[in-house]
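The block underneath contains the structure these notes are about, expressed in structure tokens.
Chain identifiers are assigned alphabetically (A, B, ...) following the order of the sequence lines, protein sequences preceding nucleic acid strands; residue numbering begins at 1 within each chain.
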Amino acid sequence: MTPLAQLLEAALFASGMPIGLDALLALDLEATPDLVLAALAELRARYDDGEHGIEVVEAAGGWQILTRPEYTAAIERAQIASRPHRLSAAALETLALIAYRQPITRADIEEIRGVSAGSILKSLLERGLVDVVGKAEALGRPLLYGTTPTFLEHFALRHLGELPRADELAVALRPATAAPVPVSAP
Amino acid sequence: MTPLAQLLEAALFASGMPIGLDALLALDLEATPDLVLAALAELRARYDDGEHGIEVVEAAGGWQILTRPEYTAAIERAQIASRPHRLSAAALETLALIAYRQPITRADIEEIRGVSAGSILKSLLERGLVDVVGKAEALGRPLLYGTTPTFLEHFALRHLGELPRADELAVALRPATAAPVPVSAP
Amino acid sequence: MATHLADVADSRDGRERASPRPPNDAPPASFVVELAHFSGPLDLLLTLLREEQIDIYDIPIARIAEQFLLRIRTLRLDEAAEYLEMAARLLRIKAQMLLPRREGAEAWDDPRAELVRRLLEYQQVREVVDVLEFRAEGRRNRFARTPLPAPARPSSSGPVSAAMADLLAAVDRLLRACRGPDVHSIVPRALDVAGALIAARALLARRAQIRWRDLVRPSAEPWEILSVLLAVLELARLGECVLRQSIPFGAVDIVGLDAGLGTLDETTDSVTPAMSSLDSPTRYDTAGAAA
């Protein structure tokens with residue numbers, strides 16, 4: 001391929017989103033629209049030789065490299081493209097509460113966090129990180145939540161005793177707020 | 001290219017992160033490790049024919065496609081993608097210690113670097129370069145820190161064994177216990 | 001194998017000039033340090049030794065201590081505890097060096113030994129940093145594919161990524177958000193249904209019919225009112241009383257039946273219409289009733 005086509009390949013790859021002609025022109029000061037379009041055609045032809053799993057696609061006023069549709073199912077099955085979903089801060093706080101105070105009712109979680117916990121609990125249940133472990137003796141016999149073996153596995157814990165105690169966290173995680181400490185000379 | 005190499009191309013393209021052999025095997029139920037490795041070699045050879053702007057790189061126990069270094073400046077100038085910030089010297093020192101001495105407590109890090117490590121550890125944790133990997137048996141059961149796959153990817157390491165061994169460093173480090181120090185004649 | 005610091009450090013000096021260290025991720029606490037381009041007192045000390053071309057195994061402590069103090073003053077690092085601590089350590093070693101040695105003693109505990117050990121250890125860290133920096137620079141010059149923006153509604157069944165550190169940080173946030181440091185001390189004001197049941201039973205034992213206001217004092221707090229309401233409904237469910245209301249929004253009469261007839265497995269059919277609308281599919285706590 002021509003050097004310009006190689007540059008376009010690298011640029012289209014690096015960007016997840018379609019790139020317009022203007023941005024492509026900014027890649028090479030000597031490039032003209034005709035040259036860029038020719039290089040794009042060259043790149044497209046290269047991927048369309050029947051030997052590639054990706055292709056150049058025109059979309060949203062620009063160009064983009066995408067996987068060929070016939071490979072989508074396999075990639076999704078292997079959970080390669082579905083990047084691991086980071087748990088939200090709210091979900092982590094709820095999970096932390098359940099881990100440290102289980103068994104715990106939804107009301108207690110909401111009391112401590114100060115916000116409703118319904119949708120977060122639902123999501124944690126769906127992910128198998130927490131489960132209903134019983135019913136409280138309190139009025140209405142509210143459900144009690146606890147963590148699951150999946151939770152332990154996820155955080156590489158052999159058992160819950162491996163979680164740091166709450167009073168150890170202050171030292172472990174909080175940056176020393178007072179550092180550096182100005183020391184007055186005697 | 002073989003259909004498996006095409007599938008791997010699509011999968012590596014779809015994932016921004018390195019993919020390990022296990023995940024690659026999950027792509028095709030009939031694939032074996034040998035077949036996958038052969039297909040990876042095929043794909044790598046294809047990109048290394050001197051006509052491509054991207055290449056297959058081994059990192060963090062897996063494979064990923066990256067742009068070739070010669071196109072970085074142009075891509076950054078065109079504001080299509082930007083390089084990550086460099087880590088500070090303090091952050092690198094802390095990472096170096098964790099990489100070589102893991103699992104290591106915060107107190108040990110501070111002992112060796114001579115400065116408090118709280119805020120730097122917090123920042124490294126947030127970037128996902130290190131993680132809590134357990135608790136020490138010592139008094140107060142302090143948290144132990146270790147490096148993550150993100151660390152390997154950040155430093156283009158296939159595994160920790162690619163770092164020079166401690167005894168290969170120019171300054172040979174003695175064990176932490178008191179070592180005899182040569183005393184020059186006064 | 002006397003290591004001369006100057007040899008080891010020369011390459012580092014070149015690299016340092018070539019790639020200045022921007023304090024891009026330096027939090028406020030280490031800001032001063034980052035500005036001065038020293039990552040700590042050991043870094044500064046090594047720089048001094050290198051400038052003076054001093055053998056790390058034979059440090060002229062008096063001279064180095066003096067220069068160290070001078071340098072932290074000019075760099076305005078003399079408010080950072082870590083630098084002051086090192087300065088104090090150097091002065092202490094200097095004092096120890098001045099103590100008279102016993103004549104003819106074979107073994108001499110060099111007061112500098114610990115410092116030398118730490119410097120060597122730190123030097124090795126710096127060496128690894130060079131390796132890491134070289135590696136990181138190579139990686140920085142290659143782009144991985146930028147991930148496509150996440151779908152608007154992420155599925156809740158996909159793989160989850162959360163580090164232990166994330167979980168612990170969440171615990172830390174919770175602990176800080178709570179009023180006290182002890183999570184366990186936070187107890188919501190519970191309803192006292194059991195107490196209200198006892199009070200209602202006691203009154204029903206003495207009078208065949210009571211009224212709502214007999215059970216709830218005028219200045220009752222919401223939790224007390226709720227407790228009584230639930231207790232009365234519970235009594236009705238157990239068949240210990242019947243609730244009557246002659247006109248809409250009128251006074252509610254609580255008519256006692258023979259206490260003790262109700263059993264736990266009675267269905268809610270026996271409950272008067274007044275309560276059926278309030279009944280919930282879950283059962284109320286009957287522990288209080290049994291007491």
Measure B:Pro164 against the heavy atoms of chain C and call it side chain, backbone, both or neither at under 4.5 Å. side chain
Please look at B:Val133 and chain C and tell me whether the side chain, the backbone, both or neither of the residue comes under 4.5 angstrom of a heavy atom of that chain. neither
Exactly one of C:Lys94, C:Met97, C:Arg117 clears side chain to side chain contact (heavy atoms under 4.5 Å, CB included) with C:Arg112, and that residue is C:Met97
Let me know if B:Ile112 has heavy atoms under 4.5 Å from chain C in its side chain, its backbone, both or neither. both
CA sep, side-chain torsions, deciding dist, call: C:Leu45, C:Leu90, side-chain contact (heavy atoms from CB on, under 4.5 Å): CA-CA 10 Å; C:Leu45 196 54; C:Leu90 291 173; 4.1 Å; yes
Would you check if there is a donor-acceptor pair between the side chains of B:Tyr100 and C:Gln124 at a distance under 3.5 Å? no
Part of C:Glu85 within contact of chain B (heavy atom distance under 4.5 Å): neither
Counting only N and O atoms by type, is there a donor-acceptor contact under 3.5 Å from the side chain of B:Asp49 to the main-chain atoms of B:Ala45? no
Check each atom of B:Glu70 against the heavy atoms of chain C and say whether the ones under 4.5 Å are side chain, backbone, both or neither. neither
Max heavy-atom pairs within cutoff under 4.5 Å with chain C, candidates B:Ile80, B:Leu92, B:Leu95, goes to B:Leu92
After noting the C-alpha distance and the side-chain angles of C:Met86 and C:Phe68, does the key distance pass the side-chain contact (heavy atoms from CB on, under 4.5 Å) rule? CA-CA 9 Å; C:Met86 177 58 76; C:Phe68 189 88; 3.4 Å; yes
Does any backbone or side-chain atom of B:Glu126 lie under 4.5 Å from a heavy atom of chain C? Answer side chain, backbone, both or neither. neither
Which answer fits B:Tyr71, side chain, backbone, both or neither, if we ask what part of it has an atom under 4.5 Å from a heavy atom of chain C? neither
Under 4.5 Å, counting heavy-atom pairs only, tell me which of B:Ala99, B:Ala156, B:Pro69 racks up the most with chain C. B:Pro69
Please look at B:Ser82 and chain C and tell me whether the side chain, the backbone, both or neither of the residue comes under 4.5 angstrom of a heavy atom of that chain. backbone
Structural part of C:Val125 lying under 4.5 Å from a heavy atom of chain B: both
Proximity breakdown for B:Leu163 and chain C, heavy-atom pairs closer than 4.5 Å: side chain
Contacting moiety of C:Arg140, where chain B heavy atoms sit under 4.5 Å: both
B:Glu111 backbone acceptor or donor facing C:Arg118 side chain under 3.5 Å: yes
Is there a donor in the side chain of B:Gln64 and an acceptor in the side chain of B:Ser15, or the other way round, less than 3.5 Å apart? no
Rounded to the nearest 0.5 Å, the CG atom of C:Asp110 sits from the CD1 atom of C:Ile59 at a distance of 9.0 Å
For each of B:Arg113, B:Glu162, B:Arg83, B:His154, tally heavy-atom pairs with chain C at distances under 4.5 Å, and name the one with the top tally. B:Arg83
Atom CD of C:Gln96 with >12 non-hydrogen neighbours under 6.0 angstrom: yes
